[in-house]
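Worksheet for the structure shown next.
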Amino acid sequence: MKEEITTTTTLPTTSLQAAWNWGLSSLNEQKWVKKTSDSKSSTRYPIKLLRYWFMYHLIKEEQSRLGRPLRVCEIGVDRGQMRRYMQDAGFTDIACWEAVDYKLQPELMESNYTKLIQANVGLADFGLAEKYDVIILLHLLEHLFEPEQLVTKLSSTLVSNGVLIGGFPTLPQLLQAYQQKNIRLTAGDFEHVSTFSPLRVKSMAQSCGLNLDFMSGTYFLRKRDFFLENFKGWVRINLFWGALFPALSGEIYWRMRK
């Protein structure tokens with residue numbers, strides 16, 4: 001598959017550049033991911049899948065920068081949607097792609113991971129034995145009481161100039177601490193217990209000794225099977241909103257560099 005607009009190799013890409021330049025064709029190639037993530041949606045460019053779209057382009061940029069296959073570790077893989085997104089989009093420049101999760105789903109056996117590691121990342125003795133170019137934390141940190149501790153630990157397993165990429169729901173800084181306190185009162189196992197604002201993302205990178213060189217919001221309106229999600233222009237409008245107003249954009253995605 002060929003993207004309609006080639007990803008720029010100039011780093012770092014800004015959120016506005018991403019909203020304008022990054023191709024959307026890969027969203028329309030995701031039959032398996034669409035079915036797994038939301039079987040009731042039939043639109044061509046589902047905004048829900050932008051979580052994988054952001055990671056796809058950040059990974060592509062890193063491979064372009066290095067000029068070689070990447071060593072990747074993905075933590076919190078669910079059923080392997082991120083790996084399958086990359087495969088179905090035609091990206092193959094991978095030296096290894098290891099998966100870490102507390103529960104290994106049967107679907108992971110079909111997703112061509114180099115290694116499957118069953119582990120609870122919230123435990124004090126969790127650690128990775130290898131070094132990686134890219135570590136993916138996609139919709140994981142909101143499930144941890146101390147997300148900064150994990151980010152600090154993982155930063156030591158990056159190669160020099162390697163990156164952590166990920167994302168989660170977002171909200172304005174004025175509401176972040178209040179909402180986090182409220183959800184922790186009623187949260188069950190594996191539910192959200194941490195909340196994030198763009199300011200917390202910046203503070204997390206700084207406290208963990210990393211450089212935040214990309215951050216963007218995602219959308220102002222997401223509705224299952226919404227007819228406008230068949231049009232690239234609608235997705236672009238949402239991406240521009242996310243770039244301009246990340247705290248008001250539903251979800252936020254980022255890259256932190258060692």
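These values consider heavy atoms only, across backbone and side chains, with no hydrogens, waters or symmetry-generated copies.
Between K115 and C96 there is no side-chain heavy-atom pair separated by less than 4.5 Å. Annotation: side chain of L210 is in contact with side chain of S155 (closest heavy-atom distance under 4.5 Å). With contacts defined as side-chain heavy-atom distances shorter than 4.5 Å, the pair W53/L239 qualifies. Within the 4.5 Å cutoff, side-chain heavy atoms of L158 are placed close to those of L164. Side-chain contact check for M204 versus V151: some heavy-atom pair is nearer than 4.5 Å. Side-chain contact between N238 and V235 is absent, with no heavy-atom pair separated by less than 4.5 Å. In this structure, F126 and L150 have side chains that are in contact, with non-hydrogen atoms separated by less than 4.5 Å. Contact of the F220 side chain with the I237 side chain is registered, since non-hydrogen atoms from C-beta on lie closer than 4.5 Å.
Criterion: ILVMFWY side-chain heavy atoms under 4.5 Å apart, direct or through other members. Under it, V163 and V201 are not part of a common hydrophobic cluster. Cluster annotation: M82 is connected to L24 through the hydrophobic network of ILVMFWY side chains, with a link wherever side-chain heavy atoms come within less than 4.5 Å. Connection of L49 to L138 is established within a shared hydrophobic cluster, with ILVMFWY side chains joined at heavy-atom distances below 4.5 Å, either directly or through further cluster members. One hydrophobic cluster, built from ILVMFWY side chains closer than 4.5 Å, holds both Y253 and L248. A continuous path of hydrophobic side-chain contacts links Y45 to W20 [ILVMFWY only; heavy atoms under 4.5 Å].
The number of heavy atoms from other shown groups lying within 6.0 Å of NZ (K131) is above 12. For E191, the CD atom is densely surrounded, since the number of other residues' heavy atoms within 6.0 Å is greater than 12.
From F196, atom CZ reaches atom CD of Q173 across 12.0 Å, with rounding to the nearest 0.5 Å. With rounding to the nearest 0.5 Å, the separation of NE2 in H143 from CG in D189 is 12.0 Å. The NZ atom of K48 sits 14.0 Å away from atom CG of L27, with the distance rounded to the nearest 0.5 Å. Distance check: I47 CD1 to L221 CG gives 7.0 Å after rounding to the nearest 0.5 Å. Taking CE of M86 as the reference point, atom CG of D93 lies at 9.0 Å (rounded to 0.5 Å). Considering NZ of K103 and CG of N120, their distance stands at 14.0 Å, rounded to 0.5 Å.
In this structure, T218 contributes its side chain and S249 its backbone to no donor-acceptor pair below 3.5 Å. Remark: the backbone N or O of S25 is not paired with any side-chain donor or acceptor of R44 at under 3.5 angstrom. Panel note: side chain R83, backbone W97; no donor-acceptor pair is recorded below 3.5 Å. Side chain of S37 to backbone of K34: no donor-acceptor contact under 3.5 angstrom is found. A donor-acceptor contact shorter than 3.5 Å is absent between the side chain of W241 and the backbone of G217. With hydrogens and angles disregarded, a donor-acceptor distance shorter than 3.5 Å links the side chain of N230 to the backbone of F227. Side-chain atoms of K153 never come within 3.5 Å of backbone atoms of E148 as a donor-acceptor pair (strictly under, hydrogens ignored). Distance alone, capped at 3.5 Å, places no donor-acceptor pair between the K258 side chain and the G162 backbone. Judged purely by atom type and a 3.5 angstrom limit, Q118 uses its side chain to pair as donor or acceptor with the backbone of Y102. Under a 3.5 Å cut-off, the side chain of S197 and the backbone N or O of L171 do not form any donor-acceptor pair.
Between the side chains of Y52 and Q30, not a single donor N or O lies within less than 3.5 Å of an accepting N or O. For the residue pair Y85/E29, the side-chain donor-acceptor check at 3.5 Å is not satisfied. No side-chain N or O of E130 forms a donor-acceptor pair with one of T157 less than 3.5 Å apart. Side-chain atoms of Q176 and T195 form a donor-acceptor pair, as typed in the model, at a separation below 3.5 Å. No side-chain N or O of D225 forms a donor-acceptor pair with one of T43 less than 3.5 Å apart.
The shortest non-hydrogen separation linking P147 to R200 is CG-NH2, 3.4 Å. Nearest heavy atom pair, residue E142 against residue H139, reads OE2-ND1, 3.1 Å. Closest approach of L141 and S194 over heavy atoms only: O-CB, 4.0 Å. Annotation for I117 and L104: closest pair O-CD2, 3.9 Å, computed over non-hydrogen atoms. Minimum interatomic distance between R184 and F145 (heavy atoms only, all atoms of both residues): NH2-O, 3.0 Å. Minimum heavy-atom separation, L16 to A243: CD2-CB, 3.8 Å.
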Problem set entry | Verdict with reasoning, M215 to I252, per side-chain contact (heavy atoms from CB on, under 4.5 Å) | CA-CA 7 Å; M215 181 171 63; I252 195 169; 3.4 Å; yes
For this session: Would you check, one step at a time, whether the test side-chain contact (heavy atoms from CB on, under 4.5 Å) holds for I135 with I165?
Result: CA-CA 6 Å; I135 297 177; I165 61 175; over 6 Å; no
Exercise. Can you check side-chain contact (heavy atoms from CB on, under 4.5 Å) on L66 and N161, steps first, answer last?
Worked result: CA-CA 10 Å; L66 292 173; N161 217 27; over 6 Å; no
For this session: Apply side-chain contact (heavy atoms from CB on, under 4.5 Å) to the pair R79 and Q81, showing each step before the final yes or no.
Result: CA-CA 6 Å; R79 288 163 288 176; Q81 294 97 313; 3.8 Å; yes
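Between R255 and E61 there is a salt bridge, with a side-chain nitrogen of the basic residue lying less than 4.0 Å from a carboxylate oxygen of the acidic one. Looking at R224 and D38, a side-chain N of the basic residue comes within less than 4.0 Å of a carboxylate O on the acidic one, giving a salt bridge. Ionic pairing of R222 and E251 is present here: one or more N-O contacts between side-chain nitrogen and carboxylate oxygen are shorter than 4.0 angstrom.
Aromatic ring orientation, F168 versus W254: tilted (interplanar angle from 30° to 60°).
Here the rule is side-chain contact (heavy atoms from CB on, under 4.5 Å) with V121, and of L137, L128, I75 only I75 fits it. If you run salt bridge (Lys or Arg N to Asp or Glu O under 4.0 Å) between D133 and each of R71, R68, R257, only R68 comes through.
Annotation: Y56 is not in aromatic contact with W22 [ring centroid separation under 6.0 Å not met].
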